[in-house]
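See below for the structure under consideration.
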Amino acid sequence: MPLSWNEIRDRALAFSREWATECSEDAEAKSFWDSFFNVFGITRRRVASFEAPVKKDDDHGGFIDLLWKGVLLIEHKSRGKDLDRAARQAFDYFPGLKERDLPRYVLVSDFARFRLYDLDNKEQHDFSLADLSKNIKLFGFIAGYQTRSFGQQDPVNIQAAEKLGKLHDLLKSSGYDGHPLEVLLVRILFCMFAEDTALFERCQFQDYLEQRTAEDGSDLGMHLAKLFQVLDTAPERRSAALDEQMAAFPYVNGQLFSEALPISDCTRQMREALLDCCALDWSRISPAIFGSLFQSIMDTTARRNLGAHYTSETNILKLIHPLFLDELWAEFNKVKRNRNQLFEFLKKLAHLTFFDPACGCGNFLVIAYRELRLLELEVLRHVRQSDQLMLDVFQLIGVNVDQFHGIEIEEWPARIAEVALWLTDHQMNLKVSEEFGQYYARLPLKKAPHIVHGNALRIDWNEVVPAYRLSYLLGNPPFLGKHYQTKEQKAELTEIFSGIKSASDLDYVACWYRKATEYMAENPALRAAFVSTNSITQGEQVGILWPNLFLRGIRIHFAHRTFQWNNEARGKAAVHCVIIGFGLTDVPEKIIFDYDTLKSEPHSVKASNINPYLVDAPDVVVVKRSAPLCQVPAMKYGNKPTDDGNLILSRAERAELLAKYPAVAGYIKPYMGSEDFINGLERYCLWLLGVAPDSLREMPDVLARIEKVRAFRGASSAEPTRKTADTPSLFFYVSQPKTHYLVVPEVSSERRRFIPIGFMGPETICSNTNYLVPDATPYHFGILSSTMHMAWTRAVCGRLKSDYRYSGSFVYNNFPWPEPTEKQQSAIEAAAQGVLDARAKFMPTPFDSAQGTGQVGERSRTATLADLYDPLTMPPELVKAHQALDRAVDAAYCKTAFKTEAERVAFLFERYQELVAPLVVGEIQKSKTRKP
């Protein structure tokens, strides 16, 4: 057991006084360093060797004054000698050491002075012998009190993954695989962590392996099996004849070592790989990344992409702070000056319970436990300050791992989650030890986290932890959009949402919201928060999921709007997420965390209500509508070819056909998808509506294309597509207007403040990646180009990643248009024309003229709509034109100015609610009668 810091300081003072005399003989150096290690309660010969032989760069042999392999190298000189020269000599030994024996620290001294090099942190500390006690915490790595801050990108995480991964691969290739291999590696990982964090004696596991196992590895498996058995046996039950070195290992308990494993047959390579692992400083591996590290070990392709499985602490803290941590800290600050209330608060912390029903390797539980222990530690500091006579604060430590529960569908992550919580517990015990100057540990393990291996959607959560005992439900359930779900997952989703129309379109994560809602019914005070795909707060899924949750009493307490999931793994696509905190009871203060960009830091805004679109607005849901809510022209899909590309022509293909068949000119039309429209690209299509059969027969190359369309459609699994194989010369779906129309791209970058829209003539064929509005006027263009319409779009549209995914049935048909006076409408039309005129200065094509010919103009202009609406290149004239348009549109809504987009969205939802209120009431009454 490590000495307390007070004891170490006292010993350091005594050591300084003892060696303050004018001793300078090198012969006394050994006594000096034996006494130095004794300051920390460490027997030097157990960890370090004098005069360790080493081969130097010049092929001459040398002797290191003192070497603690992998930890500390000491070079000692006579009093008054040059410490710079001593340091150079120390570093000259490095090339002759095995990689696993390279030290993290180098210490040089001349009896009177010390210089400590921390090689990982690139720090140098110089002080005198007399000041040793003041600098004693620099040597926490000797005492066993080393506390650290952790980072995902710490190189040791990658090294650990690679080295333990090598051991994994060697064992697996030998036939030792599956469950036994997973458990074996978890145990080895625990032992290495334990010996580097004072759960075991320093280097106890490594020394045993080096000293007691054969160099060829032949008996390594046997020794590991025996050691695991000893670690699972209480001292009073151990054999009296047990080997002394093995008997020195502590009793661990906790069932970590209880299962008997097959004994692995090992080789020299395996033994070397294991010793290389032991040489790493495992105290630097955060338990928060413990599971991710292990996952990467199991996957040889993921070892250098540790972030692929890693949920960053930043994102976890985004959830737990508003869910419970901020509130607990606020409560502590209220009671911290009242001794009796502090004791009651400590009891409260010890009785809180947490449950992650999709816990994976336990990251959320680990961070939640750590933060709860840190709060408890702060409370203990204040208790000590208020009661100086109290001697044993350790009796007041009540927070423990058995307050944490989880479900995980895979077995080995479930076991890792347990171990990660135990290791976090020990790290927090070290912090307590450092704070109060006395070593504190919980060994043997008497309490354990409750992690159940099973399918969270098939298990009754009350069997894991009864709802009446639970305080908080949290986690990061699997996302999985409908196209990525297995048959089993689709069946689970359909079963959970039985009776809900279009439930199969929901993301898999929605199941956890429904299960949580049912679970909460037995404890309405229970509060929950999940990280989720942003899809469940956008577009069609909102109307499927949230009405049912609202009918069951759900209220949203806080929300992080869409942000990019921090993932530093190379080659991994960004994930766009939201965090939703919810419960069956309302809370007085609701908070929305919004982001200026997907990667920026959030800023919090108080809200009176948070609706399913995560905006401060009434709880109304926008549903798919077949016609506009207001009296405006209908919006249609563009023309859909479903042709496998055979009816679409590039510029070169068009020229080739025209050269061969001049008569085809009348049947080739400009073709425009959303990307073409925004970026000014040039494409064409075969528009064969009304073409005479004999004309087609005179163009064999065109006929060949038509035949390919017929074959493609005929092979389709969709019956509507197969039917159109009978008319292969025509587009699958035709909606082309005979008059001018307004083009609205289906997908547009979220970087743009406005979705670029514009007018087009009937000669240009609009593809199905656009929406079109026939007979639109500048007034309609003005409203759809306004910030008001964009605020609505951002709130309710679906997203492709984070890009806007416009929808006629959701966005346009539900948009609450203003009811302008004749004067207000004229003002909007004039301002809309101002936007078109400003664009024409840089892109003077017929696209932006409501009266244009619709011919495809020259596409060689320097500016495109993408250029004009890029926030970095948008011309000032166009910015001013849009500002004037916004003023005109805002006035038509009887509002002179909106301060924020949140105000606009709230206003629009209230307006929407007024327009659809009778329909909503009727639907709710119907839903209540058929509530599943």
Side-chain angles (χ1 to χ4, degrees), residues 633-654 657 664 666-691 702 705-706 708-709 712-713 716 718 720-721 724 727-749 752 755-776 781 784 793 797-798 800 803-812 843 845-848 852-857 859 864-866 869:
M635 176 176 277
K636 300 179 180 180
Y637 283 110
N639 303 274
K640 186 174 184 179
T642 314
D643 64 333
D644 199 27
N646 290 290
L647 297 178
I648 311 304
L649 304 172
S650 67
R651 187 174 185 174
E653 288 170 329
R654 170 181 176 267
L657 280 179
V664 81
Y667 307 113
I668 294 179
K669 303 287 186 181
Y671 181 71
M672 182 187 59
S674 59
E675 188 177 358
D676 308 309
F677 177 68
I678 293 173
N679 293 292
L681 305 179
E682 186 175 350
R683 284 196 298 166
Y684 299 86
C685 69
L686 288 167
W687 191 253
L688 302 172
L689 195 66
V691 65
V702 174
R705 285 176 173 267
I706 294 172
K708 290 178 181 178
V709 174
F712 174 72
R713 292 178 182 175
S716 173
T721 303
T724 61
T727 54
S729 63
L730 303 181
F731 272 42
F732 171 81
Y733 170 76
V734 176
S735 60
Q736 185 65 17
K738 295 181 180 180
T739 60
H740 294 91
Y741 58 92
L742 195 61
V743 178
V744 181
E746 181 183 28
V747 177
S748 178
S749 169
R752 302 185 183 111
I755 295 176
I757 67 174
F759 288 101
M760 190 60 60
E763 289 80 3
T764 297
I765 306 303
C766 184
S767 95
N768 61 297
T769 59
N770 295 315
Y771 288 93
L772 55 88
V773 183
D775 302 316
F781 169 85
L784 296 181
T793 300
C797 78
L800 184 61
D803 290 342
Y804 306 126
R805 189 166 195 169
Y806 200 88
S807 167
S809 57
F810 277 97
V811 182
Y812 182 84
M843 193 189 71
T845 69
F847 292 173
D848 280 343
T853 64
Q855 299 296 326
V856 175
R859 299 295 182 97
T864 65
L865 289 173
Y869 284 93

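Just so you know, these numbers use all the heavy atoms, side chains as well, and skip hydrogens, waters and symmetry mates. Because the structure is predicted, anything quoted here is derived from the model rather than measured.
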Exercise. Would you say the side chain of Val773 lies within less than 4.5 Å of the side chain of Tyr812, judging by non-hydrogen atoms?
Worked result: yes
Problem set entry | Note, Asn770 side chain near Tyr741 side chain (heavy atom, < 4.5 Å) | no
With rounding to the nearest 0.5 angstrom, report the [atom1] to [atom2] distance, [X] to [Y].
X: Glu746; Y: Arg805; atom1: CD; atom2: CZ; result: 5.5 Å
X: Ile648; Y: Leu686; atom1: CD1; atom2: CG; result: 8.0 Å
X: His740; Y: Leu772; atom1: NE2; atom2: CG; result: 13.5 Å
X: Leu649; Y: Cys685; atom1: CG; atom2: SG; result: 7.5 Å
X: Lys708; Y: Asp644; atom1: NZ; atom2: CG; result: 9.0 Å
X: Met672; Y: Ser767; atom1: CE; atom2: OG; result: 7.5 Å

What is the minimum heavy-atom distance between [X] and [Y], and which atoms define it?
X: Val747; Y: Ile678; answer: O-CD1, 4.0 Å
X: Thr724; Y: Arg713; answer: O-NH1, 3.1 Å
X: Asp643; Y: Phe712; answer: C-CD2, 3.9 Å
X: Val709; Y: Thr642; answer: CG1-O, 4.4 Å
X: Ser735; Y: Gly638; answer: OG-C, 3.4 Å
X: Gln736; Y: Asn639; answer: OE1-ND2, 2.8 Å

Exercise. Thinking salt bridges, do Glu653 and Arg705 make one under a 4.0 Å N-O criterion?
Worked result: yes
Exercise. Does the gap between the ring centers of Trp687 and Tyr671 come in under 6.0 Å?
Worked result: no
For this session: Let me see the working for Tyr806 and Leu784 under side chain to side chain contact (heavy atoms under 4.5 Å, CB included), right down to the final yes or no.
Result: CA-CA 12 Å; Tyr806 200 88; Leu784 296 181; 4.3 Å; yes
For this session: Please lay out, stage by stage, how Leu688 and Ile706 fare under the test side chain to side chain contact (heavy atoms under 4.5 Å, CB included).
Result: CA-CA 10 Å; Leu688 302 172; Ile706 294 172; 3.7 Å; yes
Exercise. Partners of Tyr771 by ring pair (Phe, Tyr, Trp, His ring centres under 6.0 Å), sequence neighbours excluded?
Worked result: Tyr637
